[in-house]
Amino acid sequence: MLSNIHASVKDSLESFGHKHTHLMAAFCLYGAYTVGSTALNWSWRFFKTFLRPGKNLFKRYHGGYIVITGGTDGLGLGYAREFAAKGFNLVLIARNPVKLASVKVELTREHEGIDVKVIEFDFNKPYTAEGYKPLKEELDKIEDISVLINNVGTLDTGNFNDLSINIINSMIQVNCIPQIVLTKYLLPRLLQRSKEQKKRTAILNISSASNYIRLAGSSIYASTKSFNKTFSDVIGKEYGKYIDVMAVIPGPTVSNLVSDNAPLVIQPEVHARWVLSDLGYNTETFGHYKHWMFTNIFGLPLLGTQFAKMRKSFVKSQNKN
Ligand SMILES: NC(=O)c1ccc[n+]([C@@H]2O[C@H](COP(=O)([O-])OP(=O)(O)OC[C@H]3O[C@@H](n4cnc5c(N)ncnc54)[C@H](OP(=O)(O)O)[C@@H]3O)[C@@H](O)[C@H]2O)c1
């Protein structure tokens with residue numbers, strides 16, 4: 001019975017092939033193209049993830065100051081440590097003066113010769129020229145800024161109806177406004193440094209895997225992270241000739257927002273190291289390969305639903321009001 005079916009399918013295919021030789025050739029070509037391009041794509045991904053050496057960033061950006069919003073904890077501190085280890089000077093902006101002072105002491109003790117400046121500023125407020133004046137004045141005093149890292153962000157999860165207007169407002173404020181204001185302040189200087197002094201500059205915009213996987217319970221957070229990513233992509237198109245603009249798409253990273261029992265979680269320094277190895281090459285990076293895996297695995301509809309249920313166990317709530 002089975003052999004009869006097999007023979008009849010074979011006959012039909014052969015007679016189809018004889019009658020439609022052009023169509024068969026097109027099918028074969030399309031198949032070869034799909035297999036070839038997938039193989040190339042995976043080889044390229046493998047090469048750039050595991051084999052391609054990072055650029056010499058100190059040489060590429062001619063040293064200078066790295067401005068990091070939210071540079072005293074989590075991912076921001078990871079970037080601060082990695083850039084400090086490469087010999088860059090730092091400007092760290094955050095709220096807590098005690099943490100700012102202790103991070104400054106730690107970094108200057110561990111990396112002799114670098115200068116660490118700290119600016120105390122709370123981004124959880126609407127933009128007004130007057131309100132942001134102290135920050136602008138401090139930034140204006142700093143000569144030779146080479147890299148801006150728009151990192152500061154906050155996270156609260158819950159179905160939309162369960163999020164208070166205060167929490168929503170806070171997430172939009174902290175995750176979106178500083179990125180725009182800091183870029184507005186510093187972009188002219190970064191452009192000038194790059195064009196006139198021939199010293200290349202960079203802007204890193206920290207988005208999130210939530211930009212792609214958009215789970216239930218993350219309506220506002222994921223929207224703000226899409227904002228970060230979209231803004232990054234567009235200014236990259238406008239100024240990429242002079243400034244390395246890169247959107248960063250982290251998955252779970254141990255911090256004040258995410259605990260160490262999250263799936264595929266990594267430490268902030270590891271995250272930063274992998275991101276910096278892509279800087280100067282890419283306009284977007286997941287950083288560590290685990291975060292690429294995270295986005296692809298939990299981006300699948302079924303697993304995404306499971307993840308949405310798990311998230312409460314490792315996301316640390318920030319706002320209580
Ligand atoms: N952790 C993750 O798994 C993960 C994954 C994807 C994307 N991200 C993104 O990575 C970025 C950093 O997150 P994180 O997890 O590293 O957060 P974190 O551990 O909470 O660190 C936040 C940093 O920002 C500062 N900060 C927070 N609110 C501030 C405010 N209103 N004004 C000024 N500074 C403020 C904090 O300093 P103070 O203590 O002084 O306030 C701290 O230095 C965010 O944009 C987040 O969306 C994180």
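Start at 1 and go down the list; that is how both ligands and their atoms are numbered. For the numbers below, each heavy atom of this structure counts, side chains included, while hydrogens, waters and symmetry mates do not.
Contact annotation: for Y221 versus ligand 1, heavy atoms closer than 4.0 Å belong to the side chain alone. When non-hydrogen atoms are compared, ligand 1 lies under 4.0 Å from the backbone of T72 as well as from its side chain. For A209, no heavy-atom contact with ligand 1 is shorter than 4.0 Å.
Listed here is the closest heavy atom pair of L57 and L279: CD2-O, 3.9 Å.
Annotation: cation-pi geometry satisfied between K55 and Y281 (NZ/CZ under 6.0 angstrom from ring centroid, within 45° of ring axis). By the 6.0 Å and 45° rule, K195 stacks over the aromatic ring of Y242.
For a threshold of 3.5 Å applied to N or O pairs, the pair formed by F123 and ligand 1 contains at least one separation below that value. Ligand 1 has a nitrogen or oxygen under 3.5 angstrom from a nitrogen or oxygen of N151. Considering backbone and side-chain N/O atoms, L75 comes within less than 3.5 Å of an N/O atom of ligand 1.
Close approach of ligand 1 to N124 (heavy-atom distance below 4.0 Å) involves ligand atoms 31 (N). Close contacts between ligand 1 and K99 involve ligand atoms 38 (P), 39 (O) [criterion: under 4.0 Å to a heavy atom]. Here is the list of ligand 1 atoms found below 4.0 Å of a heavy atom in G153: 44 (C), 45 (O). Less than 4.0 angstrom separates some heavy atom of I206 from each of these atoms of ligand 1: 9 (C), 10 (O). Here is the list of ligand 1 atoms found below 4.0 Å of a heavy atom in L257: 13 (O), 14 (P), 15 (O), 17 (O), 20 (O). The contact set between ligand 1 and D122, taken as ligand atoms under 4.0 Å from a residue heavy atom, comprises 30 (C), 31 (N), 32 (N). Of all atoms in ligand 1, listed by their number and element, those nearer than 4.0 Å to a heavy atom of F121 are 32 (N), 33 (C). Interface atoms of ligand 1 facing P252, defined by a heavy-atom separation under 4.0 Å, are 3 (O).
N166 and S164 share no donor-acceptor pair across their side chains, judged by distance under 3.5 Å alone. In this structure, a donor-acceptor pair under 3.5 Å is absent between the side chains of T69 and N151.
Within the 3.5 Å criterion, the main-chain N or O of L191 finds no donor-acceptor partner in the side chain of S194.
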### Task
Give the intermediate values and the outcome of salt bridge (charged side-chain N to carboxylate O under 4.0 Å, His left out) for residues K229 and D233.
CA-CA 6 Å; K229 167 77 167 75; D233 289 352; 2.6 Å; yes
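Every salt bridge (Lys or Arg N to Asp or Glu O under 4.0 Å) that E106 has, sequence neighbours left out, goes to R81.
Every heavy atom of L155 sits 4.0 Å or more from the atoms of ligand 1. Residue K225 places a heavy atom less than 4.0 Å from ligand 1. Close to ligand 1: S207, with a non-hydrogen atom less than 4.0 angstrom away.
When G251, G74, S208, S255 are ranked by how near their heavy atoms come to atom 4 (C) of ligand 1, first place goes to G251.
Remark: aromatic rings of F121 and Y132 are close, center separation under 6.0 Å. Less than 6.0 angstrom separates the ring centroid of W274 from the ring centroid of Y289. Checked against the 6.0 Å centroid criterion, the rings of F88 and Y65 do not qualify as a close aromatic pair.
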